[in-house]
Amino acid sequence: MGTGDGNSAAGNVTGSTGAKQPGTYEADNLIAYRISLSMIDRLAAEGVVTAAERRKAYTIIARRHGLSLDSIFAENA
């Protein structure tokens with residue numbers, strides 16, 4: 001039996017686990033959103049990601065959590 005190429009993980013870190021997803025403006029979703037942003041901020045502070053990568057990550061995270069970029073809850077980097 002050979003080894004396969006590619007990722008064998010069922011999903012990615014912020015992907016769906018099959019559980020009921022919280023609504024866009026429910027506390028659980030907004031908390032997860034803020035935690036994701038703080039992780040990116042930490043990486044930026046440590047110099048792991050550039051300012052441009054940070055801005056792109058903020059956009060991706062907002063969309064993944066269902067927030068429009070002009071929402072009062074969305075952060076702009």
Side-chain angles (χ1 to χ4, degrees):
M1 183 170 193
T3 59
D5 291 333
N7 187 347
S8 63
N12 59 30
V13 174
T14 57
S16 174
T17 61
K20 179 186 175 291
Q21 295 295 313
T24 301
Y25 298 105
E26 289 185 17
D28 288 346
N29 188 51
L30 293 175
I31 290 169
Y33 168 70
R34 298 296 300 173
I35 290 170
S36 297
L37 294 183
S38 72
M39 292 170 64
I40 294 298
D41 289 343
R42 178 70 180 260
L43 291 172
E46 293 175 355
V48 176
V49 298
T50 65
E53 291 169 330
R54 180 176 173 258
R55 284 190 300 273
K56 185 175 180 179
Y58 266 46
T59 300
I60 292 168
I61 292 167
R63 288 183 180 151
R64 183 154 296 178
H65 287 275
L67 297 172
S68 65
L69 299 178
D70 60 351
S71 168
I72 63 169
F73 295 101
E75 289 287 326
N76 295 316

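Atoms considered below: every heavy atom in the structure, side chains included; atoms not considered: hydrogens, waters and symmetry mates.
The minimum heavy-atom distance linking D70 with S68 is given by the pair OD1-OG, 2.8 Å. Annotation for G66 and T24: closest pair O-CG2, 3.2 Å, computed over non-hydrogen atoms. Residues I40 and V49 share a closest heavy-atom pair of O-CG2, 4.2 Å. Scanning both residues, I61 and S36, for their nearest heavy atoms gives CG2-CB, 3.7 Å.
When each of R34, R54, R55 is checked for a salt bridge (charged side-chain N to carboxylate O under 4.0 Å, His left out) with E75, only R34 meets the rule.
Put simply, the side chain of Y58 reaches to within 4.5 Å of the side chain of L37, judged on heavy atoms. M39 is not listed as a side-chain neighbour of L43, based on a closest heavy-atom distance of 4.5 Å or more. For the pair L30/L67, a side-chain contact is recorded, criterion being any heavy-atom separation below 4.5 Å from C-beta on.
The aromatic rings of H65 and Y33 sit perpendicular to each other, their planes meeting at more than 60°, with 30° as the lower class boundary.
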